[in-house]
Amino acid sequence: GTVVLMIASGLGVGVAYARVTGDVGQIPRLVRAALVTVPGAFVFIGLVVVVFGFLPRAIMLSWVPLSVTAIVVFFGELLELPNWMRHLSPFEFLPAVPAEPLQAWPLVWLSLIGVLGVVAGMLGFRRRGIAVT
């Protein structure tokens with residue numbers, strides 16, 4: 001679902017850009033730029049699966065990192081938050097495509113963290129005796 005939403009988002013921005021400039025060749029570039037955010041979302045998906053796998057009654061805690069990230073990303077500069085707090089967001093490590101060149105390593109690392117979170121959460125499901133198919 002996340003990937004589909006990012007593709008739709010990139011298409012929307014690309015089509016709007018093409019309509020204004022007449023340059024339809026930028027649509028694929030803007031779709032790729034939107035897809036760069038997916039590994040950051042994978043980190044949150046992994047976190048949610050870990051919490052639900054090991055602490056199902058505390059699933060509401062999964063909203064805390066997302067809320068903190070939203071506050072840091074949208075209001076960090078306005079609130080003059082320190083740099084270390086801004087680095088709490090996985091989106092902080094993503095390249096600002098298309099403004100700067102694509103760097104693969106941050107995408108790889110964030111994707112790996114998300115996958116490890118999902119794997120760990122599945123192990124938590126097994127520990128609870130819930131069948132995972």
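Just so you know, these numbers come straight off a predicted model, no measurement behind them.
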Could you check if a side-chain atom of [X] sits within less than 4.5 angstrom of a side-chain atom of [Y], using non-hydrogen atoms only?
| X | Y | result |
| --- | --- | --- |
| Leu110 | Phe91 | no |
| Asp23 | Gln26 | yes |
| Phe52 | Ser62 | no |
| Leu66 | Val48 | no |

Set of residues satisfying ring pair (Phe, Tyr, Trp, His ring centres under 6.0 Å) with respect to Tyr17, sequence neighbours excluded: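 Counting only residues at least two positions away or on another chain, Tyr17 forms no ring pair (Phe, Tyr, Trp, His ring centres under 6.0 Å).
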Examine Phe54 and Leu116 and state if one hydrophobic cluster contains both, with Ile, Leu, Val, Met, Phe, Trp and Tyr joined whenever side-chain heavy atoms are less than 4.5 Å apart.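 Different clusters: Phe54 never reaches Leu116 through Ile, Leu, Val, Met, Phe, Trp or Tyr contacts under 4.5 Å.
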Given the rule that I, L, V, M, F, W and Y join up when any side-chain heavy atoms are under 4.5 Å apart, are Val73 and Leu88 in one cluster?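 As far as the 4.5 Å side-chain criterion goes, Leu88 and Val73 are connected within one cluster.
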I need the [X] [atom1] to [Y] [atom2] distance, nearest 0.5 Å.
| X | Y | atom1 | atom2 | result |
| --- | --- | --- | --- | --- |
| Ile71 | Ser89 | CD1 | OG | 12.0 Å |
| Ile27 | Arg29 | CD1 | CZ | 12.0 Å |
| Phe44 | Thr2 | CZ | OG1 | 11.5 Å |
| Leu81 | His87 | CG | NE2 | 12.0 Å |
| Met85 | Leu79 | CE | CG | 9.5 Å |

Donor-acceptor check, side chain of Ser111 to backbone of Leu107, threshold 3.5 angstrom: yes or no?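 Such a contact is found between Ser111 side chain and Leu107 backbone.
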Check for a donor-acceptor pair, side chain of Arg86 on one end and backbone N or O of Gly76 on the other, with a separation under 3.5 Å.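 Yes.
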What residue among Leu35, Val15, Val13 forms side chain to side chain contact (heavy atoms under 4.5 Å, CB included) with Leu30?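 So, applying the side chain to side chain contact (heavy atoms under 4.5 Å, CB included) to Leu30 and each of Leu35, Val15, Val13, only Val13 qualifies.
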Does Glu77 CD have over 12 foreign heavy atoms under 6.0 Å away?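 Result for CD/Glu77: open.
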